[in-house]
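Let me begin by presenting the structure, written as structure tokens, before commenting on it.
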Amino acid sequence: MAPPAAMEETAPTINLLSNINDGNNAASQISRVTIVGSGNWGSVAAKLIASNTLKLASFHDEVRMWVFEETLPTGQKLTEVINQTNENVKYLPGIKLGKNVVADPDLDNAVRDANMLVFVTPHQFMEGICKRLVGKLKEDVVAISLIKGMEVKMDGPHMISTLISEQLRVNCCVLMGANIANEIAVEKFSEATVGYRENREVAKKWVRLFSTPYFVVTPVQDVEGVELCGTLKNVVALAAGFVDGLEMGNNTKAAIMRIGLREMRAFSKLLFSSVKDSTFFESCGVADLITTCLGGRNRRVADAFAKNGGKRSFDELEAEMLQGQKLQGVSTAREVYEVLRHRGWLELFPLFATVHEISAGRLPPSAIVEYSEHKPNCSLV
């Protein structure tokens with residue numbers, strides 16, 4: 001089937017919103033939303049979505065949020081506390097999610113009535129989650145992934161949106177952007193990018209569900225480009241963290257970010273020829289790279305790793321510094337390295353390769369600048 005005309009990527013979001021008639025609130029038109037995941041970013045997504053489902057007639061008020069059940073130091077269950085206090089006291093303390101957010105520890109029950117699924121969990125858990133959901137979803141379900149990472153298998157890299165689409169047989173868009181969760185939680189202005197394939201109407205619906213005056217969402221017809229930007233920037237953020245930990249200065253950090261963006265673009269276009277150059281100038285691209293290299297958790301933990309001379313593992317630092325949140329950069333760097341090694345591309349991507357070698361303990365953090373003696377040949381792109 002031929003795709004509909006591409007959506008104007010630079011059009012103001014408000015133009016998209018004004019084209020949608022939200023007045024038809026017939027029961028068959030009402031969408032029920034479930035968020036699969038409840039960490040820091042998942043809880044912020046719940047707040048954004050819940051504020052909109054109360055206002056828009058085309059969405060059911062209640063927003064379900066699947067929570068991996070944990071017992072808090074008080075002895076209480078995390079889901080019980082969320083439902084009693086309207087607050088995720090472990091992963092987003094001090095922020096009210098909305099009274100229409102219902103935490104549910106039962107994955108099957110959480111998705112049972114939903115026809116819009118928002119996936120926001122660490123990427124390494126997604127294959128298992130998808131397997132649990134096969135055959136348990138409504139026929140009209142659409143999905144969106146906020147997950148940054150990819151799976152590497154024998155036949156090559158698999159994007160998380162592709163994993164969701166293929167295993168669950170659903171349309172899956174992606175949402176990525178310069179989005180430090182705690183800043184959005186307190187309603188500081190931010191932008192994001194929705195990547196979609198063919199279905200313009202589904203993209204509009206996701207834009208409508210997430211958009212608020214302080215969170216502006218723009219659609220782009222480039223799922224792989226948007227998703228790879230969100231995935232690969234965490235690898236570059238580790239490099240930025242090494243530079244900070246070694247006090248190499250802003251010039252060096254700027255150079256690392258520029259080279260990192262170049263490798264992000266080259267790697268993405270080698271994997272998927274459909275990736276658009278313009279995507280790297282959206283919020284999911286250069287903006288997300290900048291904010292993650294300045295203030296993200298990957299940068300922060302890599303800074304501590306370098307300060308300790310690489311003598312404390314990332315697992316140890318993650319447990320100490322992130323209170324249960326997960327790093328994505330280290331596992332993504334390993335997965336990218338596997339792709340590069342398998343395809344004979346290691347010399348083309350010295351920054352990506354070096355980040356993994358440092359993270360794995362095979363090179364010292366100072367090696368992050370030594371790679372620059374090698375000039376990658378990107379003529380393949």
Side-chain angles (χ1 to χ4, degrees), residues 36-45 65-82 87-95 103 105 119-129 146-152 160 179-183 185 230-231 233-246 291-338 355-365 368:
V36 180
S38 58
N40 186 237
W41 184 211
S43 298
V44 174
M65 181 171 72
W66 174 63
V67 177
F68 181 78
E69 190 65 282
E70 300 179 57
T71 301
L72 300 172
T74 60
Q76 294 175 287
K77 299 293 185 183
L78 179 58
T79 50
E80 294 173 359
V81 175
I82 292 173
E87 182 180 327
N88 189 332
V89 293
K90 179 168 184 180
Y91 296 109
L92 195 65
I95 301 296
F119 288 97
V120 53
T121 68
H123 77 277
Q124 56 266 37
F125 301 144
M126 270 310 300
E127 187 165 14
I129 288 172
L146 280 59
I147 299 167
K148 292 159 181 174
M150 60 184 175
E151 295 282 337
V152 176
I160 298 301
N179 305 145
I180 292 179
N182 289 339
E183 294 182 8
T231 296
K233 55 95 184 190
N234 284 327
V235 181
V236 185
L238 293 180
F242 299 149
V243 167
D244 285 345
L246 296 171
T291 198
T292 307
C293 288
L294 295 180
R297 71 183 70 158
N298 288 278
R299 187 221 63 82
R300 186 157 53 93
V301 178
D303 182 326
F305 180 86
K307 278 187 169 69
N308 285 279
K311 295 177 182 177
R312 297 185 65 193
S313 71
F314 271 101
D315 287 343
E316 182 183 355
L317 291 167
E318 176 188 86
E320 178 183 298
M321 300 175 66
L322 299 185
Q323 288 80 51
Q325 298 178 55
K326 295 294 182 184
L327 283 177
Q328 296 297 305
V330 175
S331 55
T332 301
R334 180 179 64 250
E335 290 153 355
V336 168
Y337 188 89
E338 289 174 7
V355 168
H356 171 66
E357 296 279 8
I358 293 171
S359 302
R362 295 198 288 267
L363 288 175
I368 198 61

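In this chain, residues are counted from 1 in sequence order.
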Handout entry: Pairing residues for Y91 by the ring-ring contact (aromatic ring centres under 6.0 Å, His included) criterion, not counting sequence neighbours
Key =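 Partners of Y91 under the ring-ring contact (aromatic ring centres under 6.0 Å, His included) test: none.
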
Practice task
Check ring-ring contact (aromatic ring centres under 6.0 Å, His included) between F119 and all other residues, then give those that pass, not counting sequence neighbours.
Solution key: none

Using every non-hydrogen atom in the two residues, find where [X] and [Y] come nearest and quote the distance to one decimal.
| X | Y | result |
| --- | --- | --- |
| M65 | G42 | SD-O, 4.3 Å |
| N298 | G329 | OD1-N, 2.8 Å |
| I368 | A239 | CD1-CB, 3.7 Å |
| G296 | I180 | N-CD1, 4.3 Å |
| G149 | T332 | CA-OG1, 4.0 Å |
| D303 | G245 | OD1-CA, 3.3 Å |

So, does [X] use its side chain to make a donor-acceptor pair with the main chain of [Y] at under 3.5 Å?
| X | Y | answer |
| --- | --- | --- |
| Q328 | T231 | no |
| W66 | P105 | yes |
| E87 | G94 | yes |
| Q76 | V81 | no |
| N88 | S38 | yes |

Between [Y] and [X], is there a side-chain heavy-atom distance shorter than 4.5 Å?
| X | Y | answer |
| --- | --- | --- |
| L72 | K77 | no |
| K233 | T291 | no |
| V89 | L78 | yes |
| V44 | N182 | no |

Practice task
Applying salt bridge (Lys or Arg N to Asp or Glu O under 4.0 Å), name anything that partners E70, two or more places apart in sequence or on another chain.
Solution key: K90

Handout entry: side-chain hydrogen bond (donor to acceptor under 3.5 Å, both in side chains) against S359, all qualifying residues, sequence neighbours excluded
Key = none

Exercise for the section: Could I get the full list of side-chain hydrogen bond (donor to acceptor under 3.5 Å, both in side chains) partners for E320, not counting sequence neighbours? Expected result: R312

Once you round to the nearest 0.5 Å, how far does [atom1] of [X] lie from [atom2] of [Y]?
| X | Y | atom1 | atom2 | answer |
| --- | --- | --- | --- | --- |
| H123 | I129 | NE2 | CD1 | 12.5 Å |
| E335 | H356 | CD | NE2 | 10.5 Å |
| I147 | M126 | CD1 | CE | 4.5 Å |
| L317 | K307 | CG | NZ | 11.5 Å |

Practice task
Could you walk me through whether N40 and R297 pass side chain to side chain contact (heavy atoms under 4.5 Å, CB included), step by step?
Solution key: CA-CA 11 Å; N40 186 237; R297 71 183 70 158; 3.8 Å; yes

Handout entry: Residue pairs passing the ring-ring contact (aromatic ring centres under 6.0 Å, His included) test where at least one lies in residues 299-328, sequence neighbours excluded
Key =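 Listed once each, the pairs are F242-F305, F305-F314.
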
Practice task
Carefully, step by step, assess L294 and R299 under the rule side chain to side chain contact (heavy atoms under 4.5 Å, CB included).
Solution key: CA-CA 7 Å; L294 295 180; R299 187 221 63 82; 5.7 Å; no

